[in-house]
Amino acid sequence: MSSEKKEAAGPSDFIRDIVAKHVAERKYPQIHTRFPPEPNGYLHIGHAKSICLNFGIAREFGGICNLRMDDTNPTKEEVEYVDSIQEDVNWLIAGWADQNLGLKEKGKTPEMIASNGTRDFYLKASVGAVPKTGAGKTAVEPFYASDYFDQLYEYAEELIRKGKAYVCDLTPKETDEYRGAPDRPGKDSPWRNRSTEECLDLFRRMREGEFPDGARSLRAKIDMASPNIWLRDPLLYRIRHAEHHHTGPKWRIYPLYDFAHCLSDYLEGITHSICTLEFEVHRALYDWILENLELPRPLPKQYEFAKLIPGYMIVSKRKLIQLVNEKIVAGWDDPRLPTISGIRRRGVPASALRKFAMGVGVTKYISVTDIALYEHAIREELNKIAQRRLAVLRPIKVVITNYPAGQVEELDAVNNPEDDAAGKRKVPFSGELFIERDDFMENAAPKFFRLRPGGEVRLKYAYIIKCEEVVKDEGGRIVELRCRADLDSKTGGATANRKIKGTIHWVSAAHAIDAEARLYDRLFTEVEPEKDGRDFKAVLNPHSLEVVTAKCEPGLRGATAEERYQFERLGYFALDKESAQGKLAFNRTITLKDTWAKESVKKA
RNA sequence: UGCCCGAUGGUGUAACGGUAGCACAGCAGACUCUGGAUCUGUUUGUCAUGGUUCAAAUCCAUGUCGGGCAGCCA
């Protein structure tokens, strides 16, 4: 296959191979996947991989991917999370797979249909829609596992009637003891052979709220001696006197993941249920439930892949919450966090996140992904679209001694050398400038290409200057550089083609505007912050955020949140949401590759 | 010492019995009014041992190492 063809065909991996085979066999009328987060936290970069996989497959095979809240545990879930999940998914797939996003009409629950002569439930997705509540639009919303509680309850009774499930009175502790251990079989619950009638009666009374939490449970009757722990009469329902964020006070019993998930997939007509490796051992149970219910339509199948573990990040929900609660970061969307909202706020384009998530591939091999892959994807994307601007992060004053006092020139500056269509803009130049403190070295190393006493450097888009005097204060700190410009060397001028090794950025002191620049770096100093159970707080990077006041070219006054900027020679920046009129704040998404920094480190 | 899964350069992956390829990172160079970008070249790899085969990263066996599973979490 040629590389071009391969590109058009999308990535290839073992799951897509399976799907492609099913498509070729016409096994299903349409490929249907789903992305089913539990709304108990914010989505992070790991979810991005799952989203790209599930929506990517739908997109590549002309299918649908449902967004579903896997909300079967009322004590952990909140609407705040539902909203953020929806927002994050929309952002990530916008312009890429929105036409494959499966949602449903607001308030709709599964409908009773007749399939192959039997009673059946089904909830169709409405595709190509984004959540809209405006007048005249059909209101749509994500799927919710909790919308299936009625059907799930019926399926549970059906299992009881078939003698495949029973109400068990063992306490949680006893249940645990009866389960045995991986290398030791469990033993049957004394309630295992309770009559169907009694089970039905008890289960109904559980639903009515007659018993306290933990008093009874509904269990599948499988095999207490199974080598697979999840087949040792797993719990299907537990009693929980708790209000649910979506169903309110209606229920006192809630289904567990294993019971709810496979059936939710079935109800939505999912064909390929893709999840992470830790559910591999649950697959037998997933199949068992569906098969024992003898459902009329084709059954969904579960496939597992290795989740993303990016270096220098933590992704565990518990730890993320800890960072937020202990105010180590500024909130769920802190730009240092690997949450999708943090990544977005940092200025990473959705296309870059997707590129990364697709690029890491899909396998069953668990590994730590090099953060360089992530950073490369971001730079590659930003390089193509970012508007170049001049800004000085740590200014030092430069006076051009031979430049006419009071003169101001409007110089042409290229907006994006990667894109001619981006055009040019004017940047004011004058005899008093700011340059980057790092771009001057009093005792420069031989390969330092920038400004040094007596040395020359090119000011980007402007003149070549020579440093003639270094002015210091009483403390010996450099306060000003007095330089002489080669006035013929201006871009387009007589000596414009003189070869000067270094080119630096600058801003005109009188015209510069101030902006807060938030310089973000990785949050941790170790690739695996939690390696060997170490406290991740011990390896926090103390320099993960540095805030400076940058001197910016005046054009940046009109910066927008949508636009991406490259501050030349420094990095990519995005306007933060906290920016207000007259008070600009930029987040540094990522630095430019810096070979000089690497070089100087090598020497040290 | 139970069951399940996995192992290809430093990292992520491809090769589906027939030349171990790609990307990142690294290194060297070219070019450059961004030490950016781009371009060229390049170092490094099939966990081990047997077996099947004309031919094995691929199939089989054994071993080693790593991971998952004993929530009324998902």
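All values below come from the heavy atoms of this structure, side chains included, with hydrogens, waters and symmetry mates left out. Note that this is a predicted model, so its numbers are computed, not measured. Reminder, nothing fancy here: chain letters follow the sequence lines and each chain counts from 1.
The shortest distance between the side-chain N/O atoms of A/T363 and the OP1/OP2 oxygens of B/U13 is below 4.0 Å. Taking only side-chain nitrogens and oxygens, A/T595 comes nearer than 4.0 Å to OP1 or OP2 of B/G36. OP1 or OP2 of B/A37 sits under 4.0 Å from a side-chain N or O of A/K593. Dashed line: the shortest gap from a side-chain N or O of A/R68 to OP1 or OP2 of B/A74 is not under 4.0 Å. A sub-4.0 Å separation between OP1 or OP2 of B/U34 and a side-chain N or O of A/R389 is absent.
B/U11 and B/G41 have their P atoms separated by 25 Å, given to the nearest Å. To the nearest whole angstrom, the two C1' atoms, one in B/A20 and one in B/A56, are 12 Å apart. Only the P atoms considered, B/U8 is 6 Å distant from B/C47, to the nearest whole Å.
The interatomic distance linking A/R283 (CZ) with B/G6 (C1') rounds to 13 Å, in whole Å. The nearest whole Å value for the distance from the CD atom in A/E280 to the P atom in B/G68 is 12 Å. As a whole-Å value, the separation of A/D258 CG from B/G71 P is 13 Å. The OH-P distance, from A/Y237 to B/G71, rounds to 22 Å in whole Å. One can place CZ of A/F567 at 20 Å from P of B/G36, the figure rounded to the nearest angstrom. For the pair A/I18 CD1 and B/C16 C1', the interatomic distance rounds to 13 Å; values are reported in whole Å. Summarising the geometry, the separation between CD on A/E177 and P on B/C72 is reported as 13 Å, rounded to the nearest angstrom. Atom C1' of nucleotide B/C69 and atom CG of A/L231 are separated by 12 Å, given to the nearest angstrom.
When both distances must be under 3.5 Å, the Watson-Crick or G-U wobble mate of B/C39 is B/G29.
Remark: side-chain polar atoms of A/R205 are not paired, donor with acceptor, to backbone N or O of A/E210 under 3.5 angstrom.
Counting non-hydrogen atoms under 4.0 angstrom, A/Y365 reaches the backbone sugars and phosphates but no base. Residue-level contact check: A/D70 touches the backbone only, with heavy atoms under 4.0 Å from sugar-phosphate atoms and none from bases. Residue-level contact check: A/H261 touches neither bases nor backbone, having no heavy atom under 4.0 Å from any strand. Here A/K460 lies in heavy-atom contact (under 4.0 Å) with a base. Residue A/P36 is out of contact with every strand shown, counting any heavy-atom pair closer than 4.0 Å. Within 4.0 Å of A/E568, counting heavy atoms only, lies at least one base atom of the nucleic acid.
For A/S367, whose side chain is taken as the heavy atoms from C-beta onward, the closest listed nucleotide among B/C72, B/U13, B/G35 is B/U13.
A cation-pi contact, defined as under 6.0 Å to the ring centre and within 45° of the axis, is absent between A/R34 and A/F143. Cation-pi geometry between A/R389 and A/Y565 is not satisfied (NZ or CZ under 6.0 Å from the ring centre, within 45° of the ring normal).
The base of B/U34 is paired with the side chain of A/Q566 by a donor and an acceptor separated by under 3.5 Å. For A/D183 against B/C3, no side-chain N or O and base N or O form a donor-acceptor pair under 3.5 Å.
Taking the six-membered ring wherever Trp is involved, the centroid distance between the rings of A/F429 and A/W506 falls below 6.0 Å. The ring of A/Y257 has its center closer than 6.0 angstrom to the ring center of A/F279.
Applying the ring pair (Phe, Tyr, Trp, His ring centres under 6.0 Å) test between A/Y237 and each of A/F203, A/F149, A/Y254, A/Y155 identifies A/F203 as the sole match.
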